[in-house]
Amino acid sequence: MSTPEHDYEDLGLVAGLEIHQQLDTATKLFCGCPTTRREPEEATRSVTRYLHPTRSELGEIDDAALEESRVDRAFEYLAFDTTCLVEEDDEPPHRIDDEALEVVQEIAALLDATSVDQGQVMRKLVVDGSNTSGFQRSMLVGTDGEIQTDDGPVGVADLLLEEESAGRVEERDDGVTYALDRLGIPLVEIGTKPDIRSPEQAQEAAAQIGMLLRSTGQVKRGLGTIRQDVNISIAEGARVELKGVQSLADIADIVRNEVGRQVELVAIRDELADRDASVGDPRDVSDTFADTDSGVIAGAAKVMAVPLYGFDGLVGREIQPDRRLGTEFSDHVKRSGAGGIFHTDELPAYGVTAEEVASLREAVDASDDDAVALVAASASVAESAIDAVAERAEVAVEGVPEETRGANDDGTSRYLRPLPGAARMYPETDVPPVDLDLGAVETPELLTERVDRYVAEYGLGEGLAEQVAFGRRMPVFETAVEQGVDPTLAAGTLESTVTKLRRDDVSVENLRDDHFLAVFEAVESDELAKEGVDPVLRALAEDPEMSVEEASEEAGVAGVDESEVRETIAEVVERNGDQVEEEGMGAFSGLMGEAMGALRGKADGELVSAVLREEIQKRA
Amino acid sequence: MNPGDRVHVERGDTEYEGILMPSTSDTEVVVKLDGGYNVGIAREHSDVEVLETDVFAVGESETNDASTVEFDDDLPTVALISTGGTIASTVDYRTGAVTAQFDAEDVLRAVPDLAGRANYRGRVVANILSENMTPDVWQDLARAVYEEVEAGADGVVVMHGTDTMQYTASALSFMLDTPVPVVFTGSQRSADRPSSDNVMNAVCAVEAAKADCAEVMVCMHATESDDRCALHRGTRVRKNHTSRRDAFETVGAEPLGTADYAGVDSEEVTVSFRRPHVERDEHEVALHDDLETDVELLKFVPGMDPQFLDVLEGKAGVVLEGTGLGHVHTDFIDRIGDLVDDGTTVVMTSQCVEGRVCDRVYDTGRDLLDAGVVEGEDLLPETALVKLMWALANEDDPETAMGRPLAGELTERSVPWT
């Protein structure tokens, strides 16, 4: 199924974005630990805890929290030599991190938001274990901002500064393991108003916000450091929260596919209404399949079925590329622990015969106009799973359900859970309120402005300037240029050379800022030839503990002094004496290659060229 | 305009709408926005309009829906006595701090996991933070425990703030002869957070109160995990960390026992003891609640102003927390001798916390002994203070009593690995 283009205005598309971005601060939001990510294998200790729901300050208990707490789940937390008692909830939070406050206020200024006079850190109840305390600390910093897109302005409803949750390492039947390295990294959340009216505008707005965030030079980069959620509805549909869009480039597709899904569900609803469709009571049909040859069904303890009157052909109808109404049913049974469902629109198949389908219809009083869905599993799973199918099928008669969905890699989405209720929050009394004043904040230069400056001031090409400004090594570039490094050398190395190395499968992630700065310094002080930059970076990527000097030795490009250059070139000219006498300067280019080869990148090309010219002239 | 009102606030071009909350400062109006966030808005630049009054009763806890727990003849009866503290605390919106507002009934409501483990009798002796505890509350508490035991309680659980729990536990150890367990518990993380240690501590304390060790104990997390509580002898326990769940440690020995906790939904808590202890019903219940409270604990430090000793003049008793084996500056010794001559009982303990006082090794110590100072053996300084208060009021020869064990507070053999 290809995605049809819709008239989004006509459909009444309304969308909003929620962008979460980790900040690249030296320390965490409420303790002095570094914001360094770790591997679970590096854990040095672990603690195990349970969580219990509590009353909010307005006396309410969150139903969702209560529901979760009924499940007996032990949470194991992996701790590292980079985490402390604060992450383990065994020490009160320290005062809020100054650096994070500064960055978030810069972001508020960039978003043209109004900051509140006094920020109050709140505890947002989260009992899935991802926070050791049972709540996420979060502070509303600003409201009423605005960003621009080609299709008009998009309002920013709120800007929050909060602590990142712990990363999920492993989920077991009896609990979940989390790693504490991520917990407490400062996280900025930006929620737009529902001002977005087209898929393209959604993507542009996300890109614009991403650009503003990166303009601070203090946001983390890489997979998982920015998360994008999209809220989408159409007039006849319902509000759906789409979580975890990994790539910016997917946003337009995600919106298109969700609109398509809602349009299809509305069409199914209309069709079901025409057919006067309804959902029957689930029944045990294990006997029908007692002698089945279908491996998947024969292996199950119980087979439950539900008749879907008037649904024939619609359960198998595609609502997103390669996803049917039946796939939605399957998503719902996964919460019950079942693998999925079968339905008559796709049968006979999977070893189920036409005869069995006929007797199945008979067993649940379904005619050819009806569909039947079935679940084969253990007794308890099959029973709760078939109820989930019946519930979801009844919703299909009404139209599009409000829900939280997870983005798939292919631009489609899957059902996750119902929409969350209003967040349960109460004040974090351990952290005093924070006075906020945007007047005191310097608005950083936008990345787009930076590109223009690189072109104008440093003479970089437009393309290279953009790569550097938007690239993750922009701060190194700034430092290097500030220290007097040639901007072209710095930019070319940080972008072109690094890209080349990456294509050659060099581990460029091992290259740190100080590596680059040391290499630049070596070039500027003539200890390293420009030609030596590439091999030295390769050597450093291989062994990041080496100094530039050691790496030069390792790469065989340790600097040679001028006398050695002269000696080598004299030898080259001597060796080719006949050619030089014959051709004069005509021999230059051939001998230049030979000379560079003899010096193997250890000498600067310009010096080699000058000396070679001299030597040829001497002879000619 | 009162907390709980729904308000509309205009501040320049920006508008806010939500519930007015009690503010901790005079300069900001605090509003809970519909999204749940509280924000502070400068009062002098704001225009506040009340949209609806008393939308919420802010800060009032609901006390009407009391859970009526049915009496089960097959279950033992445990008295729950509350003195306040983190285990029974909630947020105070006036100060923004956490204070104790619950009675024992509320604790039952706050910790539903206690249900089905015993029949409970709730009682509130005080509602104070443990740093505000005084010896007269120890006495009230001892009387309350005595009455509960007299009335047939099979065990007593005392909910107490952790800051001074060790003092109160010591006091009850001396004041009570008990045929049933008296178990102190509390929490290091307030009850208003999902991660509070109050649930496991309370459940383990109730189970310990049903067990056979008829001593005054402290039941708190043994590790940073929610896996088991340690049962400490009330006279040997010390809070050794400001914030960790496992802050409480038995000094000079391993804890008396443990209560293993198998999880939120598991009924199972296994209580076991590793060392000899007083058995259930070994003693008749008895109360000796007299205290001589005119006793001070003074920690000696280098460069200390001798005027501190002036304050001690005329005191009934003084516990010194000396250095090392039990020393103070030699210049202080004559003054201490004067105190003793004047009738003050002076007991030496050590700020090393671990180990035994021995004033016969160095000249300073020998001079202190000559001046009439009593060696406090391996008494914890805090326990020595409480013991001295009790001994001065109940023993004919308090000096001798300070050197022999009355309630497991003092050991005659130094075997810290047991």
Side-chain angles (χ1 to χ4, degrees), chain A residues 45-59 65 69-74 76 85 88-92 114 116-127 131-135 138-140 143-144 157-158 160 174 191 422-427 429-430 432-436, chain B residues 11-16 19 21 24-25 27-28 30 32-42 45 56-62 90-93 95-98 110-111 113 188-196 198-200 223-227 241-246 263-266:
Chain A
R45 48 206 300 279
S46 81
V47 295
T48 302
R49 300 272 170 73
Y50 301 91
L51 293 177
H52 320 278
T54 53
R55 225 169 264 266
S56 87
E57 61 183 319
L58 296 179
S69 75
R70 291 207 186 93
V71 190
D72 181 16
R73 294 222 286 185
E76 185 193 15
L85 288 181
E88 291 177 25
D89 188 45
D90 248 343
E91 179 172 314
T114 308
V116 302
D117 292 313
Q118 195 178 56
Q120 302 234 338
V121 178
M122 305 296 290
R123 298 169 172 179
K124 196 193 286 187
L125 214 62
V126 181
V127 288
N131 290 71
T132 44
S133 54
F135 47 75
S138 177
M139 180 171 80
L140 179 66
T143 59
D144 262 348
D158 39 41
L160 311 172
D174 59 344
R424 301 295 160 166
M425 285 197 273
Y426 52 113
T429 45
D430 297 347
V434 187
D435 290 327
L436 298 169
Chain B
R11 158 88 159 95
D13 292 338
T14 309
E15 298 175 37
Y16 303 91
I19 310 290
M21 301 303 287
T24 51
S25 87
T27 49
E28 266 86 23
V30 177
K32 185 179 214 42
L33 305 181
D34 292 342
Y37 283 91
N38 289 14
V39 296
I41 308 155
H45 303 296
F56 282 100
V58 176
E60 287 175 20
S61 60
E62 299 163 44
T90 183
V91 177
D92 178 336
Y93 290 96
T95 60
V98 172
V111 189
D113 307 50
Q188 284 283 82
R189 311 242 69 78
S190 57
D192 62 355
R193 56 174 76 207
S195 62
S196 175
N198 70 337
V199 174
M200 181 179 119
T223 72
E224 284 192 274
S225 290
D226 292 339
D227 56 358
H241 197 278
T242 57
S243 61
R244 276 169 66 148
R245 288 162 169 75
D246 55 352
V264 177
D265 278 359
S266 173

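Naming convention: chains lettered A, B, ... in sequence-line order (proteins, then strands); numbering from 1 in each chain.
When each of A:Gly119, A:Pro92, A:Pro432 is scored by its heavy-atom pairs under 4.5 Å with chain B, the top score falls to A:Pro92. Note on B:Val30, B:Leu33, B:Asp246: by heavy-atom pairs under 4.5 Å with chain A, the leading option is B:Val30. Of the residues considered (A:Met139, A:Glu88, A:Arg45, A:Arg49), A:Arg49 shows the highest number of contacts with chain B, using heavy-atom pairs under 4.5 Å. Listed options A:Ser46, A:Pro433, A:Ser133 were ranked by heavy-atom pairs under 4.5 angstrom with chain B; first place goes to A:Ser133.
A 4.5 Å side-chain heavy-atom check between A:Gln120 and B:Met21 finds every atom pair outside the cut-off. Considering only heavy atoms from C-beta on, B:Thr27 stays 4.5 Å or farther from A:Gln118 through its side chain. Looking at heavy atoms from C-beta onward, B:Tyr16 lies in side-chain contact with A:Val116 at the 4.5 angstrom threshold. A heavy-atom distance below 4.5 Å is found between the side chains of B:Glu28 and A:Asp435. In this structure, the side chains of A:Glu91 and B:Arg244 stay at 4.5 Å or more apart for every pair of heavy atoms.
Using a 4.5 Å cut-off between heavy atoms, B:His241 touches chain A through its side chain atoms alone. In this structure, chain B has no heavy atom under 4.5 Å from any part of A:Asn131. The contact between A:Leu85 and chain B is made entirely by side chain atoms (from C-beta outward), counting heavy-atom distances below 4.5 Å. There is no contact between A:Leu436 and chain B, counting heavy-atom distances below 4.5 Å.
The two residues A:Asp117 and B:Ala42 make their nearest non-hydrogen contact at OD2-N, 2.6 Å.
Using modelled atom types and a 3.5 Å distance limit, the side chains of A:Asp89 and B:Ser195 yield a donor-acceptor pair.
Using a distance-only test at 3.5 Å, with no hydrogens or angles considered, a donor-acceptor pair links the side chain of B:Asp226 to the main chain of A:Tyr50. With A:Lys124 contributing its side chain and B:Tyr37 its backbone, the two residues share no donor-acceptor pair below 3.5 Å. Checked by atom type and distance alone, the side chain of B:Asn38 never pairs as donor or acceptor with a backbone atom of A:Pro427 at under 3.5 Å.
Salt bridge B:Arg193/A:Asp430: present, at least one basic N to carboxylate O contact under 4.0 Å.
Between the OG1 atom of A:Thr114 and the CZ atom of B:Arg11 there is a distance of 9.0 Å, given to the nearest 0.5 Å.
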